[in-house]
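See structure below.
Computed from heavy atoms alone, side chains included, the values below leave out hydrogens, waters and symmetry copies.
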Amino acid sequence: MNIRNILTALALGTCVPLASAQAQMLSGTPRTPATIGLASPDQVESAKTAAQIKRVEFEQILKRRFVVHGNEVYDKKTDLTWQRCNYGETWDEEEHWCKGVTKRLSMTQVLADVEKDQNGWRLPDIGEVMSLLEVACADTKTADNPVPVFPEMLPNTYYLSSSMRDDQNNVNVGQCFGSMVNNVGVGKGYVSVARLVRSGHAFK
């Protein structure tokens, strides 16, 4: 992200810190004392152990919170079911991954598409987007399942919502931004990606 976008995010948006375990998953490498300054071997080992413990805790959250069923993921915490792939893609059960091409549309275009679909799927509001990103922006694989709960989450990409800003000229969007989940406003015609959602769940 360039400096102009960063300043825009800070001026217009809302940043929500991720839980420490999730933030570490986003950063890739835990910030051990060795990455900050000089540290003893014991300090480095202690930091690695702490990071491993936090990772285990995060994986336990994933297992308790989400129920995966093919192309759908039910979130027990929010009582929402998410499409497992970005809008435009479909879940390939044989390959255990998303296939197809992610659609890049404006909020208005997505809403028009979803209205035609009539299967209960909808564009999430910004609160729902943020509830997803706060977890899905991290590495959602677990030790006993190498397939992520939410694959194909795009970094440095704003996910569309159905929520308008107060001035009604801009729409709220959410993004993974370092160790933060960022909420900013963009123009109605802004083109980006989406994950569809519906209330409750229909699978058993």
Hphob cluster co-occupancy, Met130 + Phe66, side-chain heavy atoms under 4.5 angstrom: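 Result: yes, single cluster for both.
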Single-linkage hydrophobic cluster Leu80~Met153, side-chain heavy atoms < 4.5 angstrom: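 Linked, Leu80 and Met153 end up in one cluster.
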State, without any angle test, whether [X] and [Y] hold a side-chain donor-acceptor pair at a distance under 3.5 Å.
X: Arg122; Y: Ser199; value: yes
X: Asn145; Y: Thr142; value: no
X: Tyr190; Y: Asn170; value: no

Check against side chain to side chain contact (heavy atoms under 4.5 Å, CB included), Lys99 and Glu152: CA-CA 10 Å; Lys99 68 178 181 180; Glu152 298 286 340; over 6 Å; no
Spacing of [atom1] belonging to [X] relative to [atom2] belonging to [Y], to within rounding of 0.5 Å:
X: Tyr87; Y: Arg104; atom1: OH; atom2: CZ; answer: 14.5 Å
X: Phe177; Y: Tyr158; atom1: CZ; atom2: OH; answer: 7.5 Å
X: Trp121; Y: Thr81; atom1: CH2; atom2: OG1; answer: 6.0 Å
X: Glu128; Y: Asp75; atom1: CD; atom2: CG; answer: 10.5 Å
X: Asp125; Y: Ser161; atom1: CG; atom2: OG; answer: 7.0 Å

Between the side chain of [X] and the main-chain N/O of [Y], is any donor-acceptor distance below 3.5 Å?
X: Gln83; Y: Asn71; answer: no
X: Glu89; Y: Asn86; answer: yes
X: Gln43; Y: Ser40; answer: yes
X: Ser106; Y: Gly189; answer: no
X: Arg195; Y: Tyr159; answer: no

If you define the side chain from C-beta out and look only at heavy atoms, does anything of [X] sit under 4.5 Å from [Y]?
X: Ser192; Y: Thr157; result: yes
X: Arg84; Y: Pro151; result: yes
X: Val149; Y: Val68; result: yes

Side-chain ion pair, Asp139 and Lys141, N-O less than 4.0 Å: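 Lys141 and Asp139: salt-bridged.
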Under-4.0 Å salt bridge between Arg198 and Glu72: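 Result for this pair is yes, salt bridge flagged.
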Step-by-step side chain to side chain contact (heavy atoms under 4.5 Å, CB included) determination, Thr49 to Glu45: CA-CA 6 Å; Thr49 300; Glu45 191 60 33; 4.2 Å; yes
